[in-house]
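Single-structure report; data block below.
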Amino acid sequence: MASIKLATWNINSVRLRADLVGQFLTAYSPDVLCLQETKVPDALFPGEVFTGLGYVHQAINGQKGYHGVAILSRLPFRKTAALSFCGKDDTRHVSAVLEAGLQLHNFYVPAGGDTPDRSVNPKFGQKLDFIGRMTRWAEKLDRPTLIVGDFNVAPLDCDVYDHKALLKVVSHTPVEIETLGLFKDAHGWVDLGREFIPAPDRNYTWWSYRAFWRDKDQGRRLDHMWASPDLAGHAKGHRCVEETRRWEQPSDHVPVVTEFTF
DNA sequence: ATGGCTGGTAGAACCAGA
């Protein structure tokens, strides 16, 4: 029986934290790692660090300063692609088809700015539109598909430390949760994080750099792995690697890992 | 309950994250 271990991690600058990525790859040995917020143009991507660890297959889509995504893999790709949604080429997607036929899509959904009102904050509108565009994109999928990444939405009450307070905070507002829910239901995506760690258990993937929030465990579940219905049953193990949040000069997000058997 | 850190681009204070 074949087994594939896939991981996703918002790294918040892959150049600054290339060694941390290497530490994670060595310690947890995923076959594939999807990164978000690489913050580096493709020509400057530190690929050799990961090639040296056996991750010789790399699909990257980055730009200067902001956003940026990458897929590092020990398994060969049949094909790779990068999508631009909403008329903006802002490096929020990269995908790869693995030899097993698994379609892997890595997303960095817009954060959405400060004010949850698209009439005064265009970034919030862009976020909702991006998720709407994902919904239409998913209509065409007809293969076993895994979507991973930083969705920048904590959908369930128990995905934040204080549901009532955060209803007004971008990442947990009702309209974001509704929009993400429409996307989820349209394809029947299975939220693997909650398959393996059911509500209402604590299951955070992000903690602010601000010490007060971190020390009080005021986290949110923003990073996700969603499987299409035909793939979800193959998921056999799942975890968040909270340890990395305590590493020196860490990302504010932690890796999420799922193992599949076929 | 809170944005009071952090990174990148600059080459000093911004913007952005969420």
Side-chain angles (χ1 to χ4, degrees), chain A residues 8-21 35-46 60-70 86 88-93 106-118 120-131 148-180 193 203-224 240 242 244-256:
Chain A
T8 181
W9 194 8
N10 179 321
I11 195 59
N12 188 18
S13 175
V14 72
R15 279 182 292 181
L16 191 65
R17 291 188 242 281
D19 289 345
L20 283 194
V21 173
L35 297 170
Q36 302 87 38
E37 283 207 86
T38 52
K39 297 186 175 179
V40 62
D42 294 349
L44 299 177
F45 188 84
I60 57 179
N61 180 22
Q63 65 179 3
K64 186 176 178 179
Y66 304 104
H67 322 317
V69 288
C86 307
K88 293 178 72 121
D89 184 16
D90 52 0
T91 64
R92 296 180 180 278
H93 170 272
N106 177 11
F107 284 100
Y108 176 55
V109 174
D114 288 328
T115 307
D117 179 348
R118 68 191 304 156
V120 298
N121 171 24
K123 288 181 188 171
F124 193 70
Q126 186 209 356
K127 179 179 195 175
L128 298 178
D129 293 345
F130 189 95
I131 297 169
V148 309
D150 180 0
F151 293 6
N152 267 316
V153 179
L156 304 183
D157 295 6
C158 55
D159 288 336
V160 296
Y161 62 90
D162 185 336
H163 164 62
K164 194 175 169 197
L166 286 173
L167 283 172
K168 299 174 195 157
V169 176
V170 172
S171 73
H172 194 61
T173 63
V175 65
E176 290 170 88
I177 292 167
E178 179 190 5
T179 303
L180 190 68
N203 182 6
Y204 302 143
T205 68
W206 173 87
W207 294 261
S208 171
Y209 282 119
R210 295 175 174 84
F212 190 95
W213 292 10
R214 189 180 60 238
D215 294 346
K216 298 193 86 161
D217 192 33
Q218 294 181 329
R220 305 178 202 173
R221 188 170 74 104
L222 304 176
D223 302 272
H224 301 275
C240 300
E242 283 193 37
T244 66
R245 192 64 182 79
R246 297 183 291 274
W247 287 357
E248 189 174 350
Q249 199 173 26
S251 170
D252 45 353
H253 296 253
V254 300
V256 180

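Lettering follows sequence order; numbering is per chain, from 1.
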Output yes when at least one side-chain N/O atom of A/Tyr108 is less than 4.0 Å from OP1 or OP2 of B/dA18, else no.
yes
Residue set satisfying side-chain contact (heavy atoms from CB on, under 4.5 Å) with A/Asp89, at least two apart, ordered chain then number -> A/Ser84
Is the shortest side-chain heavy-atom distance between A/Thr205 and A/Glu242 below 4.5 Å?
no
Suppose we screen for ring pair (Phe, Tyr, Trp, His ring centres under 6.0 Å). Which residues come up paired with A/His172, at least two apart in sequence or across chains?
A/His163
Within-4.5 Å side-chain heavy-atom neighbours: A/Asp217 and A/Tyr204
yes
With rounding to whole Å, what would you report as the distance between B/dC14 and B/dA18 at their P atoms?
22 Å
Between B/dA1 atom C1' and A/Lys216 atom NZ, what is the distance in whole Å?
9 Å
Answer yes or no: does a side-chain N or O of A/Lys164 lie under 4.0 Å from OP1 or OP2 of B/dA1?
no
According to side-chain contact (heavy atoms from CB on, under 4.5 Å), who are the partners of A/Pro116, at least two apart in sequence or on a separate chain?
A/Phe124, A/Val170, A/Thr173
Could you check A/Gly65 against A/Ala165 and say which one's nearest nucleotide on DNA chain B is further toward the 5' end?
A/Ala165
Taking side-chain contact (heavy atoms from CB on, under 4.5 Å) as the definition, give me every residue that meets it alongside A/Asp42, ordered by chain and number, with sequence neighbours left out.
A/Ile60
May I ask you to list the residues of residues 8-17 of chain A, by number, that have any heavy atom positioned under 4.0 Å from an atom of DNA chain B?
A/Asn10, A/Asn12, A/Ser13, A/Arg15, A/Leu16, A/Arg17
Pairwise P distance, B/dA13 and B/dA1 [rounded to whole Å]
36 Å
Which whole number of Å gives the distance between the C1' atom of B/dA16 and that of B/dG3?
13 Å
Determine whether a donor-acceptor pair (one donor, one acceptor, N or O, separation below 3.5 Å) exists between the side chain of A/Asp114 and the base of B/dA18.
yes
Interatomic distance where OH belongs to A/Tyr209 and C1' belongs to B/dC5 [whole Å]
9 Å
Whether A/Gln218 contacts B/dG3 is assessed here as follows: a side-chain N or O lying under 4.0 Å from the phosphate OP1 or OP2. Is that the case?
no
Minimum-distance nucleotide to A/Lys64 side chain [options: B/dT9, B/dA18, B/dA1]:
B/dT9
Between B/dA16 (P) and A/Gln63 (CD): distance, integer Å:
12 Å
Listed partners of A/Tyr108 passing ring pair (Phe, Tyr, Trp, His ring centres under 6.0 Å), at least two apart
A/His67
Is the phosphate of B/dA16, meaning OP1 or OP2, less than 4.0 Å from a side-chain N or O of A/Lys123?
yes
Provide, to the nearest angstrom, the distance between the NZ atom belonging to A/Lys127 and the P atom belonging to B/dA18.
8 Å
In whole Å, I'd like the distance from the NZ atom of A/Lys168 to the P atom of B/dG3.
13 Å
Please enumerate all residues that pass ring pair (Phe, Tyr, Trp, His ring centres under 6.0 Å) together with A/Tyr161, with sequence neighbours excluded.
none
What is the distance, to the nearest angstrom, from the CG atom on A/Leu166 to the P atom on B/dA18?
15 Å
What integer distance in Å separates A/Phe45:CZ from B/dG8:P?
14 Å
Side chains of A/Ser171 and A/Glu176, donor plus acceptor under 3.5 Å
no
Let's see if you get this right: which residues in residues 154-161 of chain A place a heavy atom under 4.0 Å from DNA chain B?
none
Counting heavy atoms from C-beta on, name the nucleotide in B/dG17, B/dA1, B/dC15 closest to the side chain of A/Arg210.
B/dG17
Mind calculating the distance between CD (A/Gln36) and C1' (B/dA18) to the nearest angstrom?
15 Å
Contacts of A/Arg220 that satisfy salt bridge (charged side-chain N to carboxylate O under 4.0 Å, His left out) - sequence neighbours left out:
none
Taking only the side-chain heavy atoms of A/Ala111 (C-beta and beyond), determine which of B/dC5, B/dC15, B/dA18 contains the nearest atom.
B/dA18
What is the ring orientation for A/Phe107 with A/Phe130, classed by angle as parallel under 30°, tilted 30 to 60°, or perpendicular over 60°?
perpendicular
Base, sugar-phosphate, or nothing for A/Arg220, non-hydrogen atoms under 4.0 angstrom?
base
Check whether any side-chain nitrogen or oxygen of A/His253 sits under 4.0 Å from OP1 or OP2 of B/dA18, and answer yes or no.
yes
